[in-house]
Amino acid sequence: MEETVSRPEQASSIMSSLTYPGGVKWPCPGKNSCFESTPRENEKQFQKLVGSVRTILQCLGEDPEREGLRDTPERYARAMLFFTKGYEDDIGDLVNGAIFHENHDELVIVKNIDIFSLCEHHLVPFTGKMHIGYIPDHCVLGLSKLARLAEMFSRRLQVQERLTRQVALAIFEILKPRGVGVVMESSHLCMAMRGIQK
């Protein structure tokens with residue numbers, strides 16, 4: 001079980017690092033091109049992914065044409081697109097105006113948000129619970145949006161440290177609060193299934 005705590009720096013330096021067109025995406029160059037691609041280009045890219053999975057199976061000594069594996073490349077490709085759908089999400093669309101001006105400056109906490117993500121080093125899952133707290137400066141965010149922010153950033157290839165940081169930075173960009181803390185406890189299959197196996 002690994003635990004990380006993210007404590008962002010001052011809001012002024014955070015804001016300068018978050019200026020992206022259309023909201024906070026932190027896109028990679030390959031995924032960026034998908035935002036403007038046509039359905040035909042998307043299908044071509046999908047078939048390329050399916051072919052890559054078939055190649056992996058062959059390299060492992062398996063027969064991709066046997067009954068149990070015949071549809072696996074396509075199923076796996078669709079699963080990977082779902083597991084990484086957070087690249088396509090936009091913070092502005094996600095928040096959708098759910099920022100409310102309230103005379104409130106005490107700690108707001110949402111605990112035990114279920115997180116499912118993929119370790120970018122081995123492409124295997126890590127799962128756990130995220131806890132988000134912030135001190136408002138008279139602006140609050142709809143509570144469900146905190147969970148959706150956590151899901152948005154977890155549905156990408158991630159490391160736990162960056163995931164907690166991205167959630168914290170996004171809350172700073174949206175609310176300009178007095179402070180944010182993000183804590184995550186998780187189990188990493190890259191550790192449990194290989195290496196030290198803990």
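Taking all atoms of both residues into account, the shortest heavy-atom contact from L57 to P73 is CD1-CG, 4.1 Å. Here the closest heavy-atom approach between residue D105 and residue I135 is recorded as O-CG2, 3.5 Å. Looking at every heavy atom in both residues, Q58 comes nearest to P64 through CG-CG, 3.4 Å. Taking each heavy atom of S154 and L163 in turn, the nearest pair found is N-CD1, 3.5 Å. Scanning all heavy atoms of the two residues, the minimum distance from T164 to M130 falls at CG2-CE, 4.4 Å. Shortest non-hydrogen contact noted between P177 and P136 is CB-CA, 4.4 Å.
With values rounded to the nearest 0.5 angstrom, R148 atom CZ is found 4.5 Å from L94 atom CG. Atom NE2 in H104 sits 8.0 Å away from atom CG in L107 (nearest 0.5 Å). Atom CD1 of I113 sits about 4.0 Å away from atom CD1 of I132, to the nearest 0.5 Å. Here Q166 contributes atom CD and R156 contributes atom CZ; the two are 6.0 Å apart, rounded to the nearest 0.5 Å. Considering CD of E185 and CD1 of I115, their distance stands at 12.0 Å, rounded to 0.5 Å. How far CD of E88 is from CZ of R155: 12.5 Å, rounded to the nearest 0.5 Å.
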Given V167 and L146, is the side chain to side chain contact (heavy atoms under 4.5 Å, CB included) satisfied, shown in steps? CA-CA 9 Å; V167 172; L146 296 174; over 6 Å; no
Determine, stepwise, if the pair K129 / D114 fulfils side chain to side chain contact (heavy atoms under 4.5 Å, CB included). CA-CA 5 Å; K129 302 281 188 183; D114 289 318; 2.5 Å; yes
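Under the 4.5 Å side-chain heavy-atom criterion for Ile, Leu, Val, Met, Phe, Trp and Tyr, L143 and M152 are members of the same hydrophobic cluster. A single hydrophobic cluster is not seen to contain both I109 and M184; linkage of ILVMFWY side chains at heavy-atom distances under 4.5 Å, directly or through other members, places them apart. No chain of hydrophobic side-chain contacts below 4.5 Å, direct or via other Ile, Leu, Val, Met, Phe, Trp or Tyr residues, connects F116 to V124. In the hydrophobic cluster analysis, where Ile, Leu, Val, Met, Phe, Trp and Tyr join through side-chain heavy atoms closer than 4.5 angstrom, V182 is grouped together with V108. One hydrophobic cluster holds both F100 and I174 under the rule that ILVMFWY side chains link at heavy-atom gaps under 4.5 Å.
In this structure, K44 has no side chain to side chain donor-acceptor pair (under 3.5 Å) partners at least two apart in sequence or on a different chain. With sequence neighbours excluded, no residue satisfies salt bridge (Lys or Arg N to Asp or Glu O under 4.0 Å) with E43. For A77, the side-chain contact (heavy atoms from CB on, under 4.5 Å) criterion is met by F46, L49, V50, not counting sequence neighbours. In terms of the salt bridge (Lys or Arg N to Asp or Glu O under 4.0 Å) criterion, residue partners of E74 (sequence neighbours excluded) are, by chain and number, R78. H101 pairs by the side-chain contact (heavy atoms from CB on, under 4.5 Å) definition with C139, not counting sequence neighbours. Residues satisfying the ring pair (Phe, Tyr, Trp, His ring centres under 6.0 Å) test with Y134, not counting sequence neighbours, are none. Contacts of H138 classified as side-chain contact (heavy atoms from CB on, under 4.5 Å), with partners at least two apart in sequence or in another chain: N103, R178. For Y76, the side-chain contact (heavy atoms from CB on, under 4.5 Å) test picks out V53, M80, with sequence neighbours left out. Scored by the side chain to side chain donor-acceptor pair (under 3.5 Å) test, N96 finds no partners at all (sequence neighbours excluded). Contacts of E120 classified as side chain to side chain donor-acceptor pair (under 3.5 Å), with partners at least two apart in sequence or in another chain: R162. In this structure, R40 has no side chain to side chain donor-acceptor pair (under 3.5 Å) partners at least two apart in sequence or on a different chain.
Contact check for L69 versus D63: no side-chain heavy atoms found under the 4.5 Å cut-off. The side-chain heavy atoms of D89 and F153, taken from C-beta on, include no pair separated by under 4.5 Å. Taking 4.5 Å as the limit, every side-chain heavy atom of H131 sits out of range of all side-chain heavy atoms of V110. Between T127 and L189, every side-chain heavy-atom pair lies at or beyond the 4.5 Å cut-off. Contact check for L175 versus D137: no side-chain heavy atoms found under the 4.5 Å cut-off. A 4.5 Å side-chain heavy-atom check between R54 and E65 finds at least one atom pair inside the cut-off. Under the 4.5 Å side-chain criterion, counting only non-hydrogen atoms from C-beta, M191 is not in contact with F126.
A donor-acceptor contact closer than 3.5 angstrom links the side chains of Q160 and S186.
Members clustered with I56: L60, by chain and number, using a 4.5 Å side-chain heavy-atom cutoff among hydrophobic residues.
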